[in-house]
Amino acid sequence: MPSSPAHPDWLEISATVAREQADAAEADLLAAGAMAVTLLDAEDQPVLEPLPGETPLWPTLCITGLFPGDADPLRLLAELSRRAPGVAWRSSRLAGRAWEREWLRDFGPRRFGRHLAVVPGGQAAPQGCVVVRLDPGLAFGTGTHPTTALCLEWLDALALPDPRGDAPLPGALLVDYGCGSGILAIAALQLGARAAIGVDLDPQALLATRDNAAANGVADRLVACEPEDLDTVLAGRKADILLANILAGPLHELLPAFAAHLRPGGRLALSGILADQAAALCRRAATWFEMEQPEIRDEWARLAGRRKVED
């Protein structure tokens, strides 16, 4: 029997969409089973000098989902056409290569806030930074997307004393809900959190979180689990901090559970939210949390608040 190739072939499903369609198109690709989604400029309209940690979106985008090479392109095209009838999806084959290493050509150290840096393996870290070592992979989360960047900056700020003299992050128990690559949980541990729990539906994300935790020397303080196992892992404890970088719909549904998992006064951050979705989500969250003004970047929002002492 012939051996499997070191880098198997892949199937790409692509479409050209307007910026306002990108979020829905990405959700459709992921729902169809895409292992990764990329967004590229479709009209050669460069965005010059973005701020550190930002990934601006162009007016017209080429969005591409990456699927295993043995996936049926006709079935996927039919499913995506059903989900988005107005989008012209197309398929193509992609020869196997070590794509995570190809990505590293354009993926360098990035700073978030005053102290935190995300650095690929083998690259030099900025001096004086708390470092998370992370290579791009199939699980979401390298800090390049505004939603992740906003959460990393929030964690960096929590490592410092607030106006009342409290530093919420050092010594905290943190839950990273929708952990992806584990970047937020690992960053929190590197910034002084006592322990972290990464929660995700995707087995690939849980594997990536555990691998990245080991690579950063924090595997003994990070547990990765599926949502239904979170209560068991918490074992009656309440989290001090909870982050959820997912989508607005699931966040609406999960807010009561988040409130139940956080101690009174515990910190909450929600991201993966479009700016025009922030107000409605903030109103719902106000049932359980004292909410702050949203932080907006490139049409994405991060919400933050504290668990109310009394409902």
Side-chain angles (χ1 to χ4, degrees), residues 112-116 130 132 141 147-148 150-200 206 209-210 212-213 216-246 251 254-272 281-282 285-295 302-311:
F112 301 92
R114 295 176 58 184
H115 302 100
L116 184 63
V130 174
V132 175
T147 59
T148 310
L150 286 166
C151 291
L152 289 168
E153 292 165 6
W154 184 76
L155 285 172
D156 181 78
L158 290 190
L160 300 172
D162 63 18
R164 300 188 302 182
D166 298 327
L169 186 55
L173 170 62
L174 176 138
V175 172
D176 176 7
Y177 204 101
C179 57
S181 67
I183 184 173
L184 299 180
I186 294 167
L189 292 169
Q190 299 290 47
L191 287 164
R194 171 174 51 87
I197 303 170
V199 182
D200 209 291
L206 298 179
T209 293
R210 295 183 185 110
N212 288 328
N216 282 274
V218 297
D220 60 331
R221 294 187 287 144
L222 194 158
V223 176
C225 69
E226 296 182 358
E228 57 265 31
D229 297 324
L230 179 56
D231 284 334
T232 300
V233 174
L234 282 169
R237 298 173 295 172
K238 298 286 187 180
D240 301 297
I241 299 170
L242 189 149
L243 301 100
N245 182 16
I246 43 179
L251 289 174
L254 287 165
L255 279 169
F258 292 166
H261 291 316
L262 266 175
R263 65 167 175 80
R267 304 297 187 103
L268 174 79
L270 308 175
S271 197
L281 187 60
C282 201
T287 302
W288 303 278
F289 302 94
E290 297 173 359
M291 300 301 293
E292 303 170 6
Q293 287 295 315
E295 183 76 17
R302 184 201 67 219
L303 304 181
R306 294 173 184 256
R307 178 71 169 93
K308 290 181 178 179
V309 175
E310 295 182 358
D311 293 340

Please enumerate all residues that pass ring-ring contact (aromatic ring centres under 6.0 Å, His included) together with Tyr177, with sequence neighbours excluded. Phe258
Ser271 side chain vs Asn245 backbone, donor-acceptor pair below 3.5 Å: no
Please determine whether a side-chain nitrogen of the Lys or Arg among Arg263 and Asp240 lies less than 4.0 Å from a carboxylate oxygen of the Asp or Glu. yes
Between Leu251 and Ala244, the two heavy atoms sitting closest are CD2-CB, 3.6 Å
Kindly indicate whether the side chain of Leu243, heavy atoms from C-beta on, has any atom under 4.5 Å from the side chain of Leu270. no
With heavy-atom distances below 4.5 Å as the criterion, would you say the side chains of Val199 and Val175 are in contact? yes
Interatomic distance, Arg267 atom CZ to Leu155 atom CG [nearest 0.5 angstrom]: 11.5 Å
For Ala172 against Ile241, the heavy-atom pair lying closest together: CB-CD1, 3.9 Å
Side-chain donor-acceptor pairs under 3.5 Å in residues 220-234, sequence neighbours left out?
residue	atom	partner	partner atom	Å
Arg221	NH1	Ala193	O	2.7

Is there a donor-acceptor contact under 3.5 Å from the side chain of Lys308 to the main chain of Gly265? no
Once side-chain contact (heavy atoms from CB on, under 4.5 Å) is applied, do any residues pair with Glu295, and if so which ones, sequence neighbours excluded? Leu150, Arg302
Side-chain donor or acceptor of Thr209 paired with backbone N/O of Gly180 under 3.5 Å: yes
Which heavy atom in Ala187 sits nearest to a heavy atom in Leu116, and how many Å separate them? CB-CD2, 3.9 Å
Side chain Asp176, main chain Ala185, donor-acceptor under 3.5 Å: yes
Taking the side chain as everything from C-beta on, heavy atoms only, tell me whether Ile197 gets closer than 4.5 Å to Leu174. no
So do the side chains of Arg307 and Trp288 get within less than 4.5 Å of each other, counting heavy atoms only? yes
Side-chain donor or acceptor of Asp200 paired with backbone N/O of Cys179 under 3.5 Å: yes
Ignoring hydrogens and angles, tell me if any N or O in the side chain of Asn216 forms a donor-acceptor pair with the backbone of Val132 under 3.5 Å. no
Side-chain touch Arg237/Leu173, heavy atoms, less than 4.5 angstrom: yes
With a sphere of 6.0 Å drawn around CZ of Arg114, does it hold more than 12 non-hydrogen atoms of other residues, nucleotides or ligands? no
